[in-house]
Protein chains: 2
Amino acid sequence: MSAKRQNTVAEKLRMKANDLTAAERKLMAALFADYPVAGLASITEFAKLANVSTPSVLRLAKKLGFSGFPALQEALRGELSAQLQNPIAKHERWAAEAPDAHILNRFADAATDNLRASLRLMDHRVFDEVARLLGARRRAIHIMGGRITGAIAHYLYTHLHMARPNVHLVPEAQALWPQYLMNLSKGDVLLAFDVRRYDARMLDFAVSAQAEGAEIVLITDQWMSPVARIASLSLPVRIEVPSSWDSNMVPLFVAEALVAAVVNHNWPDTQSRIHRLETFNETLRRGKS
Amino acid sequence: MSAKRQNTVAEKLRMKANDLTAAERKLMAALFADYPVAGLASITEFAKLANVSTPSVLRLAKKLGFSGFPALQEALRGELSAQLQNPIAKHERWAAEAPDAHILNRFADAATDNLRASLRLMDHRVFDEVARLLGARRRAIHIMGGRITGAIAHYLYTHLHMARPNVHLVPEAQALWPQYLMNLSKGDVLLAFDVRRYDARMLDFAVSAQAEGAEIVLITDQWMSPVARIASLSLPVRIEVPSSWDSNMVPLFVAEALVAAVVNHNWPDTQSRIHRLETFNETLRRGKS
DNA sequence: CCGGGCTTGTAGCGATAATTTCAGATTGTC
DNA sequence: GACAATCTGAAATTATCGCTACAAGCCCGG
């Protein structure tokens with residue numbers, strides 16, 4: 001990445017604090033009293049606030065190495081914007097937008113907490129390995145989910161199915177499972193979503209799939225689905241939110257990130273697929289109208 | 001000076017959100033994307049950032065009740081300075097962690113940015129109103145999604161279907177749509193997910209549904225689906241991530257938060273439903289083993 | 001008490017920002 | 001499909017800002 005971030009205006013000021021003149025000190029005090037907002041007004045207002053003249057402001061700006069007052073302001077705005085991105089400030093600002101107790105804020109807090117904790121819990125190398133498996137063209141991919149995670153499985157299926165051939169969605173109806181097991185080949189990948197209220201039947205399916213030679217990949221919650229015992233790769237995530245049911249935002253996050261990783265990994269091929277997809281889209285649309 | 005004058009610029013914007021023109025909406029989006037710093041540059045830069053002309057900025061400022069652009073900036077600075085007074089500055093260093101280039105981190109950054117921006121873009125009163133509609137027992141709820149958002153629609157359906165009776169999922173297959181329109185009654189709610197690559201057919205469906213007397217509720221992206229023109233309530237969210245496809249984490253977030261809000265709103269009733277659900281679950285499981 | 005170097009503010013100029021005007025573009029309506 | 005209403009941006013105008021030049025003030029060593 002880039003080199004160490006440039007000093008902030010505040011740091012520059014402190015550094016030069018010793019050879020500042022009286023008027024410049026007044027300006028520094030005024031700025032620090034309401035940093036950095038005081039410096040975002042016009043040069044005239046800022047000067048008045050510190051009880052100095054406008055040229056003094058200008059001289060200070062130049063002493064700090066800026067080409068002029070607007071350049072200093074731009075630096076201040078830049079810092080501010082970066083500062084406001086940080087998670088704690090973020091929370092404060094959310095709270096300002098709506099009462100803290102509002103469900104949107106509580107939910108958003110929980111969701112981002114989950115995401116952060118999940119990223120810590122997750123091993124990048126496992127993720128990369130899963131992405132590699134999902135990107136391997138010679139392996140067929142079979143995706144399955146439970147009652148709740150079925151929608152996430154479907155979402156992943158829709159995208160992966162666009163990104164590469166040979167992707168299958170195992171339906172939720174158990175009556176259909178035998179024929180899906182039959183179509184499994186050695187080396188295929190079974191990607192299962194299983195979060196709490198673990199489905200015993202899913203374990204059965206996974207065991208059978210493994211017996212057929214499939215690699216089992218699991219996306220589960222922190223308490224670990226029983227499928228984890230037989231899975232070659234497991235990605236545990238956090239799913240608790242203030243609700244009667246768990247949140248599947250992080251499982252969805254993993255699904256989306258996996259798709260992005262798979263697509264990146266084999267970009268030229270995917271690109272041509274997307275292009276062909278668009279062509280077919282148009283053809284079908286035109287044919288219909 | 002009425003008592004209402006205390007509103008922040010963000011609140012004023014949201015309040016007037018309905019009678020903003022296209023250019024003004026662009027400005028609003030640009031401002032919220034980096035609030036409030038984006039509005040602190042010169043009028044020229046701000047206009048350029050939002051890809052509109054400077055007079056449009058001015059008109060927006062006046063529409064919000066300011067005497068001119070500088071007055072708006074002063075308001076922004078005022079808010080900012082008030083907000084920066086509280087003790088968040090100390091925790092700034094938290095964010096100083098090195099931004100990893102790994103797709104997981106980049107994706108997570110984008111996702112939380114989207115969430116944050118969406119919460120700003122979203123009017124929590126509209127959200128509450130949507131939750132109220134979804135909780136109204138006498139109204140049937142019809143949920144629909146597009147090719148990609150179909151999975152999210154399905155997810156919402158699964159949960160809402162547990163929380164209350166009379167919830168329906170409109171299938172993606174258009175051949176089935178007529179019979180779903182037929183089963184719509186006056187006062188029913190059609191909740192549609194529509195993000196870019198807007199589906200013209202969905203607009204057709206929504207128009208027909210409205211003609212049958214349904215209230216149209218829309219969850220869309222920042223560029224606003226055409227359905228927004230006829231929807232009684234719209235919740236715009238952000239969906240951009242570093243990937244070939246957009247992210248649906250925030251739509252999922254909205255879905256989950258809506259479920260939580262609906263459940264909270266009528267807790268005793270939902271509680272008994274969940275209890276009965278558990279009973280049936282056990283009965284069926286026992287019967288099968 | 002006087003001058004030299006440094007600091008500071010006043011005044012004014014050019015540059016840029018903010019605002020107004022107006023005509024073309026767009027949208028909705030009959 | 002034509003008209004009215006509305007919206008939008010280019011260009012012109014005005015106001016304000018940022019900056020420079022210069023002179024008055026200040027401090028300190030002679």
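Keep in mind it's a predicted model, so treat the numbers as computed, not measured. Throughout, a chain's letter reflects where its sequence line sits, starting with A, and its residues are numbered from 1.
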- Item | Euclidean distance, B:L13 CG relative to B:R25 CZ, rounded to 0.5 Å | 11.0 Å
- How long is the span from the OH atom in B:Y155 to the CZ atom in B:F193, to the nearest 0.5 Å? 11.0 Å
I need the [atom1]-[atom2] distance between [X] and [N], as an integer number of Å.
X: A:L27; N: C:dT7; atom1: CG; atom2: P; result: 14 Å
X: B:R229; N: C:dG28; atom1: CZ; atom2: P; result: 6 Å
X: A:L20; N: C:dT7; atom1: CG; atom2: C1'; result: 13 Å
X: A:L72; N: D:dC17; atom1: CG; atom2: P; result: 17 Å
X: B:F69; N: C:dT20; atom1: CZ; atom2: P; result: 14 Å
X: B:L60; N: C:dA18; atom1: CG; atom2: C1'; result: 15 Å
X: B:K26; N: C:dT26; atom1: NZ; atom2: C1'; result: 13 Å

- Item | Sub-4.5 Å side-chain heavy-atom contact between B:I152 and B:V254 | no
- Task: Could you identify which residues of residues 39-53 of chain B place a heavy atom less than 4.0 Å from some atom of DNA chain D, listed by residue number, or say none?
- Result: B:V52, B:S53
- Task: Check whether any side-chain N or O of B:T21 sits under 4.0 Å from OP1 or OP2 of D:dT8, and answer yes or no.
- Result: yes
- Task: Not counting sequence neighbours, which residues clear side-chain hydrogen bond (donor to acceptor under 3.5 Å, both in side chains) with B:Y157? List them please.
- Result: none
- Message: For B:S247, give me all partners under side-chain hydrogen bond (donor to acceptor under 3.5 Å, both in side chains), at least two apart in sequence or on another chain.
- Response: A:E256
Charged N to carboxylate O under 4.0 angstrom, [X] versus [Y]?
X: B:E215; Y: B:K186; value: no
X: B:D109; Y: B:R106; value: no
X: B:R59; Y: B:E24; value: no
X: B:D246; Y: B:R196; value: yes

Just the table, please: protein N/O against nucleotides 20-22 of chain D N/O, every pair under 3.5 Å.
{"residue": "D:dT20", "atom": "OP2", "partner": "A:K62", "partner atom": "NZ", "Å": "2.8"}

- Among residues 202-212 of chain B, which residues get a heavy atom nearer than 4.0 Å to DNA chain C? none
Could you pull out all donor-acceptor pairs under 3.5 Å where a side-chain atom in residues 126-135 of chain B meets a protein atom, sequence neighbours excluded?
{"residue": "B:D128", "atom": "OD1", "partner": "A:H102", "partner atom": "NE2", "Å": "2.9"}
{"residue": "B:D128", "atom": "OD2", "partner": "A:H102", "partner atom": "NE2", "Å": "3.4"}
{"residue": "B:E129", "atom": "OE1", "partner": "B:R132", "partner atom": "NE", "Å": "3.4"}
{"residue": "B:E129", "atom": "OE2", "partner": "B:R132", "partner atom": "NH2", "Å": "2.8"}

- Message: I'd like to know if the side chain of A:T158 reaches the main chain of B:I148, judged simply by a donor and an acceptor atom lying under 3.5 Å from each other, with no hydrogens or angles considered.
- Response: no
